[in-house]
Amino acid sequence: MNKKEAAGRIARLRKTINHHRYLYHVLDRQEISDAALDSLKHELKKLEDQYPDLITPDSPTQRVGGEALKQFKKVTHHVPMISLEDVFSAEEFEQWMARTQKLLPHNTLLYFAELKIDGFAISLIYRRGLFVLGSTRGNGKIGEEVTQNLKTIEAIPLRLVMPEQRDIERIGLSYAAVRQAAEEGEFEIRGEVYLSKKEFLAINHEREKEGLPLYANPRNTAAGSIRQLDPRIAAGRNLSFLAYDVVTDVGQEFHSQEHMLAQLLGFRTDGVAEQCADAKAVEAFHKKISDHREKLPYQIDGVVVNVDSNALFARLGVAGKAPRGAVAFKFPPMQATTRVRDIQVQVGRTGILTPVAILDPVAIGGATVSRSTLHNLDEIRRLDVRIGDTVIVERSGDVIPKVIAVIASLRPRDAKEFHMPRKCPVDGSPVVRKDGEVYYRCSNPQCGAQEEGRIEHFTAKSAMDIKGLGPKIIQTFIDSNLIRDPADLYDLTIGDIKPLERFAEKSAENIIAAIDRSRRDVELWRFINALGIMHVGEETAVGLEEHFKTAEAIMAATDEQLREIPDIGPKVAESITKWFAQEKNRKLFARLLRAIHLKVLQPRVAASQSLHGKTFVVTGTLENFSREEAKEAIRARGGNVAESVSARTSYVVVGSDPGSKYAKAQTLHIPIVSEKEFKKMLEKA
Ligand SMILES: [Zn+2]
């Protein structure tokens, strides 16, 4: 994306984000999920990082929160309630860590990692130990006073607990200072109001019974409850609260001390936060929490990491509106936005044509997704998805990633509508749709099955040799609309196949690794054999490799040139040229050549070409060679190997239990060579 394109994208992203922010923060309404909105913001942030001179003060990235509703009294936060920069991967997290370390080269930094509750941030002020003022974050500097609503939350103490002297000293603080603040001065505590998963489900259950629209998530419901003018609504919601910050200075040096102090003053904290020495420790914490998040009673969306030392945190300062000393290390969102590159038609094994969105690869829930089924034409019309659109893709549980919505405001002018093709993209047969059926089908009932056979042939041992990719898995891939031709295999990602029922995470990784291995150092003959050109098997493919040396030369070869190869007669030559004459095949060929790396042909190891010009057929079982070794030995000396005996065969090498080839050799008076004689021929070289 060049700067001009970036400027256009940034402008449209801002407008879209601002629209949804307004709905969400001011009107307490939600049209797209938090994850989707986060994903848009993340894209905007990335673009602005790339072109910092395009940042304007009104950009959503420059904003802390939403505007205060007019009906509430305003509260000024003497210490601003900051929002955090988000990172979504270990790589981004390590970049953040490296930046903090670089700014403080002479300090050993300790970090404090805690849960990021998916709730509603608030500030609580206690004077002389009594809860007197509660407020929302608002825009970070000015929030709304919601004291009455917060008082209904039983997890918030109305009076601070005065800790024991020995407990205060145990956490390294001065008892006199804490006591002074708690009994005579002021304490400001910050944390998150949230709704437990159980309460959230119960509320929605009630609403369902009453025929009311359901709430989208616990966070919105908590925020909506706190920002009600009538405190009885909040009271009925069983909201809860976790503290994570003590703003008042009582001599604390570390953020971790504040967690402990908050506990001592009578608040609940997450209880699992950990001090971490390095990125590895933080990442281990992140993984541990991520693995167990399902079991937590409340929803969390990541881990917050602070530079634990308050002095160093302060020295790091603020970049834009976010502090440099803290970061929200989010869990990968299960929704993301991406663009539809193309809509292709997949022919299933039963001949049903399924449209599939080919996406700009995007990480969802930790795995990259590059395609998503669109089911059928009706679904495409319902979503109104067009090629070029920005869409929201969702991965949930064991379900294949799906496009759930189009962000129409980001539609480019040249977005293209999809039309079902009239001819089958596989075999060119007419496409039909029976009355009352949702699906379009190829009129050739064999079509899908043929395509499946071709892919199976492609992955076979004597072809691309993709281990672990058997017929059943290929069927699953076709049925799930993940592949429609062999080249599609090389576009698959772990995220594409992970959700399939039969794959545990490990095997999805194994399959992608096997596909990846098959790309490297491909012998040309294997690749040619894999194409499944009629009459071109392993031996012919080897002949083609030896004669033409490159894939391009084979594609360009004329009938005449092809027939220079022993074993290639007019029928085979014609089959090859016909195959390459078809545009569909040429496209497939080109895509495959881009996906794989062919081995550069080396001269054969054995310098001697003693068998040059001789054609061998090997039959029966040899004692000292496998069939493959024998063939390899012949080829290494410049000889050719054929599968069947013909007048052009120079020798037939016969082992024990020879088959019909032996008889044919006798009939045609082809010299027959025993294994012993064969060895001698090889040694002569
Ligand atoms: Zn077809």
Side-chain angles (χ1 to χ4, degrees), residues 1 6 9-10 12-14 16-17 19-21 24 30-50 60-61 85-93 116 118 216-217 219-220 286 290 293 299-303 328-343 356-374 383-412 415 481-482 491-500 505 508 512:
M1 201 178 275
R9 181 83 182 162
I10 282 174
R12 277 177 286 136
L13 280 168
R14 281 181 187 155
T16 302
I17 292 166
H19 170 70
H20 290 292
R21 181 206 56 79
Y24 188 103
Q30 187 170 25
E31 276 180 5
I32 66 175
S33 71
D34 294 357
L37 191 57
D38 276 351
S39 184
L40 291 177
K41 285 177 184 167
H42 194 59
E43 188 191 347
L44 177 62
K45 177 79 168 60
K46 280 255 152 100
L47 282 174
E48 290 184 345
D49 284 348
Q50 203 181 342
T61 58
E85 186 193 335
D86 291 333
V87 295
F88 289 90
S89 64
E91 197 189 358
E92 288 179 336
F93 173 72
K116 188 175 187 306
D118 201 14
N217 58 50
R219 173 194 181 164
N220 257 15
H286 186 270
S290 177
R293 59 196 279 213
Q299 198 154 302
I300 58 173
D301 62 355
V303 163
F329 187 175
K330 295 245 195 153
F331 297 133
M334 296 305 267
Q335 281 191 359
T337 55
T338 188
R339 263 167 289 184
V340 177
R341 280 185 188 170
D342 196 8
I343 297 175
V356 174
I358 309 300
L359 308 167
D360 279 349
V362 61
I364 310 179
T368 303
V369 167
S370 62
R371 45 203 294 145
S372 163
T373 174
L374 294 167
L383 289 165
D384 188 22
V385 55
R386 302 181 197 179
I387 298 161
D389 268 343
T390 295
V391 292
I392 300 171
V393 182
E394 183 175 82
R395 238 197 73 193
S396 56
D398 292 333
V399 179
I400 301 239
K402 59 177 182 187
V403 171
I404 60 159
V406 171
I407 301 177
S409 56
L410 293 174
R411 172 169 292 160
N481 302 306
L482 291 172
D491 293 334
L492 286 176
T493 64
I494 290 173
D496 290 334
I497 65 174
K498 210 184 208 169
L500 297 180
E505 186 166 321
I512 295 298

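On a predicted model such as this, the values are computed, not experimentally measured, just so you know. We use all heavy atoms of the structure for the numbers below, so side chains are in, but hydrogens, waters and symmetry mates are not.
Side-chain contact check for I404 versus V393: every heavy-atom pair is 4.5 Å or farther apart. Side-chain contact between K41 and D86 is absent, with no heavy atoms from C-beta onward closer than 4.5 Å. Side-chain contact check for T373 versus K402: every heavy-atom pair is 4.5 Å or farther apart.
To the nearest 0.5 Å, the span separating OG1 on T337 from CG on L359 amounts to 11.0 Å. The distance from atom OG1 of T390 to atom CZ of R9, rounded to the nearest 0.5 Å, is 4.0 Å. In this structure, CG in L482 is found 8.5 Å from OG in S370, a value given to the nearest 0.5 Å. Between atom NZ of residue K330 and atom CG of residue D118 there is a gap of 7.5 Å, rounded to the nearest 0.5 Å. Distance CZ/R14 to CD/E48: 4.5 Å, rounded to 0.5 Å. Here NZ of K46 is found 3.5 Å from NE2 of H42. Values are rounded to the nearest 0.5 Å.
Below 30°, between 30° and 60°, or above 60°: for H286 and F331 the angle between ring planes is between 30° and 60°, a tilted geometry.
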Can I358 and V356 be said to form a side-chain contact (heavy atoms from CB on, under 4.5 Å), step by step?
CA-CA 6 Å; I358 309 300; V356 174; 4.3 Å; yes
Worked check of salt bridge (Lys or Arg N to Asp or Glu O under 4.0 Å) between D34 and R219:
CA-CA 10 Å; D34 294 357; R219 173 194 181 164; 3.6 Å; yes
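Taking each heavy atom of A336 and A363 in turn, the nearest pair found is CB-O, 3.9 Å. Contact between I512 and I494 at its shortest, heavy atoms only, is CG1-CG1, 3.6 Å. Here the shortest heavy-atom pairing between D38 and F88 reads CB-CZ, 4.5 Å. Scanning all heavy atoms of the two residues, the minimum distance from L374 to V385 falls at CD2-CG1, 4.1 Å. In plain terms, the two heavy atoms of A35 and Q335 that are nearest each other are CB-CB, 3.8 Å. Of all heavy-atom pairs spanning R386 and A415, the tightest one is CB-CB, 4.1 Å.
Of the possible polar contacts, one joining the T493 side chain to the T368 backbone as a donor-acceptor pair under 3.5 Å is found.
Partner of L410 under the side-chain contact (heavy atoms from CB on, under 4.5 Å) criterion, out of D389, L40, V391: L40 alone.
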